[in-house]
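Written out below as structure tokens is the structure these notes cover.
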Amino acid sequence: MAESKKVIMLGNEAIARGAYEAGVKLSAAYPGTPSTEISEYLVQYKDSLYCEWSPNEKVAAEVAVGASLAGCRAMACMKHVGFNVAADPAYSVSYMGVNGGLVIVVADDPGLYSSQNEQDTRMVARAAKLPVLEPSDSAEAKEFMKLAFELSERFDRPFVFRTTTRLAHSQGIVELNDRQDVPDREYVKNVRKYVMMPVNAKERHIEIEKRHEELAQEADTLSINRVEMADTKIGVITSGIPYQYVKEALPEASVLKLGMVNPLPEKLIRDFASKVEKLYIVEELDPVIEEQVKSWGIEATGKEIFTVQGEYSANMLRTAVLKEELCAAEPAKAPGRPPILCPGCPHRSVYYVLNKLKMHGAGDIGCYTLGAVAPLSVIDTTMCMGSSISTLHGMEKARGREYIKDWVAVIGDSTFLHTGVNSLMNMVYNNASGTVLILDNSTTGMTGHQDHAATGKTLQGDPAYAVDIPSLCRALGVKNVAEVNAFDLEGLEKAVKEAALKDEVSVIITKSPCVLLSKAKKPLYTAHADKCKKCGMCMKPGCPAMTRNEDGTIRIDDTMCTGCGLCESLCKFDAIELVKEGDR
């Protein structure tokens, strides 16, 4: 008997449910906001399918391709910048096609809530000749996932499933259905289809152009591309979350809502445009739809009045289209909340030492990026996963060893395994001499504490071999590998100074688990005002649990203190004392 229960789901949860109902056998992903929760929700169905954290998005995509070639429905999940990492297999599997259905879920981040750019996945997908579906709410997210697998198999094409932060983290009503019993497809050896050497790729390029045309014709009749005719004075072409803003801001307008945004349904668009007096194209980020529509000679208004930056809103559309002068309420005077490392974060002590030594840090993606802000102010660069090590290497090779004597590369354990390994290998291979700090907090921290290849546990909760990072570094040829407790200030300072003097690559691994991993009660510290000399040494690391009293003495907020002991180690006057939980 089929399920018919209706529940409220986050967009990411609905995507996971859609994959489950579609009969997906395998999912591979690397955590990245706003896509992370898809895999975390999907793992609840582990009795029916396999899901994993892969070391990076390229590997995740290749794992999913392998499952597809074996005849099973498979998907890979990542955020938009992760799609760049997966571009190599993505472009090639576009030529190869599929056996079992293959979907690559990519989450964009308009508004830059947790990313280094606002890249538009639709642009990448167009270049790779990959068809794209884009839902506008949780219900569509579930159903579109099922449709994506059906279309993938029918047209022999990998599909990109585009979502955004707003969709991923907003809720909607979803109707649950039973999981489809999708039989595995037989694998048939086909070198001309699956081996992308030049002679075969030339033939496959012809084939995917043919398939693309077939999909474009199909798009004209797909139910997910629908016309909602109303007042014909204003017509709007839109897709995804912006559709919700259009319906709120322009309820009387006629709307062409696109569920497939690549390829576009040209006949449907031309027919719709001919029925409205004024045509607008509303899409966040790049003018992907707009440029194609205008290239067909259709008159439309888009980025002339809409921004290419950030998220849209209903009010923005009212102002741009209807010229309404909205009464802007005075914004609430909330206190500023600059980004800061958590109380007890092991990165803070590392950055304190680097700041004291006046070191510059070539940074990477992760919690340790927060070392760029005051009062630590150590990180000078942040570009992409694994870039810190390569950036330092480039500096040295361009300017010489003397130039980088006060520089270090800073990277986390998960990011090191993501793409830092190759960069470190490159340093050793090319006779570099920089210092690399691997801040090993035993988790993938910024995305919510996911496991990785060095934690000893898989996404499905199974025990696994834990990569020995120090041994890995030595295997790459690094002779100088030091392991230091992140809170051992003297030991860490000594290690950094020694490494700076060496004329070969040095790796310092600061080992201390993320403070949020343990839920157990921790010892706390208290400050004695009568002993405090107001020197401010304990304030230098910028721990949010540390504040000053009106007289300048120090106070420790016992609701925030995690008992890391950094403040005590900096106080030379015994004004900070360790106390046990419950002794207060």
Which heavy-atom pair separates Leu417 from Val467 by the least distance, and what is that distance?
CD2-CG1, 4.2 Å
Give the intermediate values and the outcome of side-chain hydrogen bond (donor to acceptor under 3.5 Å, both in side chains) for residues Ser512 and Asn485.
CA-CA 6 Å; Ser512 188; Asn485 185 303; 4.7 Å; no
Where is the tightest heavy-atom contact between Ile379 and Tyr368, given as atom of each residue plus distance?
CG1-O, 3.7 Å
Ser94 versus Arg157, side-chain donor and acceptor atoms under 3.5 Å
yes
Do you know which two heavy atoms are closest between Asp120 and Glu284, and how far apart they sit?
OD2-O, 3.6 Å
Looking at side-chain heavy atoms only, is the closest gap between Leu566 and Ser569 below 4.5 Å?
yes
Are any side-chain N or O atoms of Asp440 and backbone N or O atoms of Thr510, one a donor and one an acceptor, separated by less than 3.5 Å?
no
Please check this pair: side chain of Gln44 against backbone of Tyr41, looking for a donor-acceptor N/O pair closer than 3.5 Å.
yes
Counting only heavy atoms not in Met425, do more than 12 fall under 6.0 Å of its CE?
yes
May I ask you to decide if the ring planes of Tyr30 and His418 are parallel, tilted or perpendicular, using 30° and 60° as cut-offs?
perpendicular
Under a 4.0 Å N-O cut-off, is there an ion pair linking Asp108 with Arg162?
yes
Will you find, in the side chains of Gln116 and Thr382, an N or O donor that is under 3.5 Å from an N or O acceptor?
no
Identified side chain to side chain contact (heavy atoms under 4.5 Å, CB included) partner of Val106 from the options Val81, Thr121, Val132
Thr121
Tell me if a side-chain donor or acceptor on Ser423 pairs with a main-chain N or O of Gly386 at a distance below 3.5 Å.
yes
Find out whether Lys540 and Lys356 are in side-chain contact, i.e. whether some heavy atom of one side chain is under 4.5 Å from a heavy atom of the other.
no
If we only count heavy atoms from C-beta on, is the Ser39 to Leu459 side-chain gap below 4.5 Å?
yes
Are the side chain of Ser138 and the backbone N or O of Met9 linked by a donor-acceptor pair below 3.5 Å?
yes
To the nearest 0.5 Å, atom CG of Asn422 lies from atom CE of Met427 at 14.0 Å
Got Pro55 and Val421 here, is their nearest side-chain heavy-atom distance under 4.5 Å?
no
Could you go through Lys502 and Glu498, starting from their C-alpha distance and side-chain angles, then the distance that decides it, and tell me whether this counts as salt bridge (charged side-chain N to carboxylate O under 4.0 Å, His left out)?
CA-CA 7 Å; Lys502 296 184 183 296; Glu498 289 178 352; 6.0 Å; no
Is there a side-chain contact (heavy atoms from CB on, under 4.5 Å) between Ile404 and Thr435? Walk through the geometry before answering.
CA-CA 9 Å; Ile404 63 161; Thr435 300; over 6 Å; no
Once you round to the nearest 0.5 Å, how far does NZ of Lys511 lie from CG of Asn441?
9.0 Å
Regarding Arg17 and Glu13, does a basic nitrogen lie under 4.0 Å from an acidic carboxylate oxygen?
no
Applying the side chain to side chain donor-acceptor pair (under 3.5 Å) test to Tyr95, which of Glu207, His205, Lys202 qualifies?
His205
Mind running side-chain contact (heavy atoms from CB on, under 4.5 Å) on Lys193 and Asn200 for me, showing each step along the way?
CA-CA 7 Å; Lys193 183 176 190 292; Asn200 294 338; over 6 Å; no
Counting heavy atoms not belonging to Lys303, are there more than 12 under 6.0 Å from its NZ?
yes
Atom pair NE2/CE of His360 and Met395 - distance to nearest 0.5 Å
9.0 Å
Got Arg166 and Pro110 here, is their nearest side-chain heavy-atom distance under 4.5 Å?
no
Interatomic distance, Thr443 atom OG1 to His449 atom NE2 [nearest 0.5 angstrom]:
5.0 Å
Is a side-chain N or O of Ser152 found less than 3.5 angstrom from the main chain of Gly101, in a donor-acceptor match?
no
Worked verdict on Val410 versus Asp364 for side-chain contact (heavy atoms from CB on, under 4.5 Å)
CA-CA 7 Å; Val410 179; Asp364 228 289; over 6 Å; no
Has Arg204 got more than 12 heavy atoms of other residues, nucleotides or ligands less than 6.0 Å from its CZ?
yes
Quick one: closest heavy-atom pair of Thr381 and Ala362, and the distance?
OG1-CA, 3.3 Å
For Ala61 and Ala86, which heavy atoms make the closest approach, and how far apart are they?
CB-CB, 4.0 Å
Determine whether a donor-acceptor pair (N or O, by modelled atom type, separation under 3.5 Å) exists between the side chain of Thr458 and the backbone of Asp462.
yes
When you compare the side chains of Asp109 and His80, does any donor N or O come within less than 3.5 Å of an acceptor on the partner?
no
Evaluate the side-chain proximity of Glu52 to Gln460: yes if any heavy-atom separation is below 4.5 Å, no if none is.
no
Under the criterion side-chain contact (heavy atoms from CB on, under 4.5 Å), I'd like the reasoning laid out for Ile15 against Thr163: C-alpha separation, chi angles, the key distance, then a yes or no.
CA-CA 9 Å; Ile15 292 170; Thr163 178; 4.3 Å; yes
From Leu492 atom CG to Ile508 atom CD1, the distance as rounded to the nearest 0.5 Å:
6.5 Å
Taking the side chain as every heavy atom from C-beta outward, state whether Val105 and Met145 have any pair of such atoms under 4.5 Å apart.
yes
Determine whether a donor-acceptor pair (N or O, by modelled atom type, separation under 3.5 Å) exists between the side chain of Thr415 and the backbone of Met385.
no
First locate atom CZ of Phe416, then atom CD1 of Ile469, and finally report the distance between them rounded to the nearest 0.5 Å.
6.5 Å
In this structure, are over 12 heavy atoms from other groups packed under 6.0 Å from Tyr187 atom OH?
yes
Run the numbers on Lys494 and Glu490 for salt bridge (charged side-chain N to carboxylate O under 4.0 Å, His left out), then give the verdict.
CA-CA 6 Å; Lys494 180 174 180 290; Glu490 291 184 4; over 6 Å; no
When you measure from the side chain of Asn355 to the backbone N and O of Tyr351, does any donor-acceptor pair fall under 3.5 Å?
no
Between Gln292 (side chain) and Val288 (backbone), is there a donor-acceptor pair under 3.5 Å?
yes
Just checking, is any N or O donor in the side chain of Glu311 or Tyr113 under 3.5 Å from an acceptor N or O on the other one?
yes
Report yes if some heavy atom in the side chain of Met446 is under 4.5 Å from a heavy atom in the side chain of Ile365; otherwise report no.
no
So does Ser387 get a backbone contact from the side chain of Ser390, meaning a donor-acceptor N/O pair under 3.5 Å?
no
Any salt bridge linking Glu57 with Lys79? Criterion: basic side-chain nitrogen under 4.0 Å from a carboxylate oxygen.
no
Crowded around Lys397 NZ? As in, over 12 foreign heavy atoms under 6.0 Å?
yes
For Pro544 versus Arg348, what's the shortest heavy-atom pair and its separation?
CD-NH2, 3.4 Å
